[in-house]
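Notes to accompany the following structure.
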2 protein chains.
Amino acid sequence: MNYSRQREIILNTLKEYVVHPTAESLYSKIKEKDPKISLATLYRNLNQLADNGIIKKIDGLEDSAHYDHNTGEHYHFICKKCKRVFDVKPDVAPDLIRKTEDSTGFLIENHDVVFSGVCKDCRESVSN
Amino acid sequence: MNYSRQREIILNTLKEYVVHPTAESLYSKIKEKDPKISLATLYRNLNQLADNGIIKKIDGLEDSAHYDHNTGEHYHFICKKCKRVFDVKPDVAPDLIRKTEDSTGFLIENHDVVFSGVCKDCRESVSN
DNA sequence: TATAAAATAAGAATTACTATCAGTTATGGT
DNA sequence: ACCATAACTGATAGTAATTCTTATTTTATA
């Protein structure tokens with residue numbers, strides 16, 4: 001991977017998020033910094049960064065993928081009301097990989113745990 | 001939900017699978033029984049059956065959704081070589097929901113656990 | 001600094017799925 | 001059995017997210 005100004009902007013912008021944006025929502029933030037950047041460039045780079053293990057692509061949430069700059073072991077939760085994606089600590093499922101490899105005989109290369117429901121903020125806000 | 005011949009064919013055909021097909025692959029099997037059935041009818045019914053808890057839609061696997069007639073608690077594994085989707089028993093992550101609700105304060109309505117890697121058959125077959 | 005490899009912008013194309021709609025079928029009351 | 005109406009169907013157009021194509025520009029290396 002060679003250096004590119006666009007890729008640097010993309011990665012830095014992603015790192016500003018604590019929740020995990022879709023490509024579209026990241027795109028609007030990126031365009032504030034470089035209005036000329038192309039949507040195809042964003043997708044190309046997100047895929048490249050994910051392929052190289054620098055970021056993580058989160059599938060299975062809604063219609064579109066979300067992107068996460070934290071590549072350490074953890075899971076995700078999407079709130080059905082506010083649509084934000086939160087992290088869940090991996091200790092809710094200890095030894096998940098080893099247990100699953102042992103019980104299935106499969107070689108596990110990747111895994112994802114995705115929860116959906118209502119986040120704390122939305123539960124506490126009075127209006128339904 | 002009223003009765004429909006098409007829906008019965010769709011559900012019965014899905015039940016013939018031990019692995020979990022995409023809409024497209026289910027469609028080719030269904031057309032052997034009823035060549036006139038429309039792809040829109042298939043998607044419409046799969047969604048209806050899933051909304052009514054009769055089947056389960058599995059997202060987050062590849063580009064397209066897979067469908068599972070087993071609605072009991074269990075997880076999934078997709079083989080990167082043969083692309084088949086297998087079941088994983090839920091006891092690899094005991095008390096997952098309760099633990100996650102306790103540690104996050106979120107209300108969890110749904111969850112999915114998806115593994116990918118190489119299945120037993122593909123590991124054992126000599127050719128890479 | 002020449003050159004080859006990698007990256008870009010812009011827009012067309014693709015994929016998986018959903019919406020629309022006119023015609024058909026199922027169901028419940030009479 | 002007959003009818004009203006609600007649910008369902010096939011065909012096809014439409015959509016959203018993402019990928020592909022191509023001509024041009026950047027970056028890394030000799």
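Proteins get letters first, then strands, A, B, ... in listed order; numbering begins at 1 in each. On a predicted model such as this, the values are computed, not experimentally measured, just so you know.
Out of D:dT9, C:dC17, C:dT8, the shortest distance to the side chain of B:Arg44 is found at D:dT9. Of the listed nucleotides (D:dT18, C:dA10, C:dA19), C:dA10 has the atom at the smallest distance from the side chain of A:Ala40. When each of D:dA17, C:dT18, D:dC20 is scored by its nearest atom to the side-chain atoms of A:Asp63, the top-ranked nucleotide is D:dA17. Residue B:Lys36 has its side chain nearest to D:dA11 when only D:dA11, D:dT18, C:dC17 are considered. When the nucleotides C:dA26, C:dC17, C:dA6 are ranked by their closest atom to the side chain of A:Asn2, C:dA6 comes out on top. When the nucleotides D:dC8, C:dA16, D:dT19 are ranked by their closest atom to the side chain of A:Lys57, D:dT19 comes out on top.
Remark: B:Asn45 is in phosphate contact with D:dT9, judged by side-chain N or O atoms under 4.0 Å from OP1 or OP2. In terms of phosphate contacts, A:Ser4 brings a side-chain nitrogen or oxygen within less than 4.0 Å of OP1 or OP2 of C:dT8. Taking only side-chain nitrogens and oxygens, B:Gln6 comes nearer than 4.0 Å to OP1 or OP2 of D:dG10. The side chain of B:Tyr3 places no N or O atom within less than 4.0 Å of a non-bridging phosphate oxygen (OP1 or OP2) of C:dA26.
Scanning all heavy atoms of the two residues, the minimum distance from B:Asp68 to B:Ile58 falls at CB-CD1, 3.8 Å.
Residue-level contact check: B:Ser64 touches the backbone only, with heavy atoms under 4.0 Å from sugar-phosphate atoms and none from bases. As judged by a 4.0 angstrom heavy-atom cut-off over every strand, B:Arg7 is placed among residues touching the sugar-phosphate backbone only. Using a 4.0 Å heavy-atom criterion, one finds that A:Gln48 contacts the sugar-phosphate atoms exclusively. Using a 4.0 Å heavy-atom distance criterion, B:Ile37 is classed as a sugar-phosphate-only contact. Nucleic acid contact for B:Ala65: sugar-phosphate only, since backbone atoms but no base atoms lie under 4.0 Å from a heavy atom of the residue.
Relative ring orientation between A:Phe86 and A:Phe77 is described as tilted, the plane-to-plane angle lying within the 30° to 60° band.
Remark: the A:Thr13 side chain and the A:Lys33 side chain contain an N/O donor-acceptor pair separated by less than 3.5 Å.
The cationic group of B:Lys29 lies under 6.0 Å from the six-membered ring centre of B:Tyr17 and within 45° of the ring axis, placing it in a cation-pi geometry.
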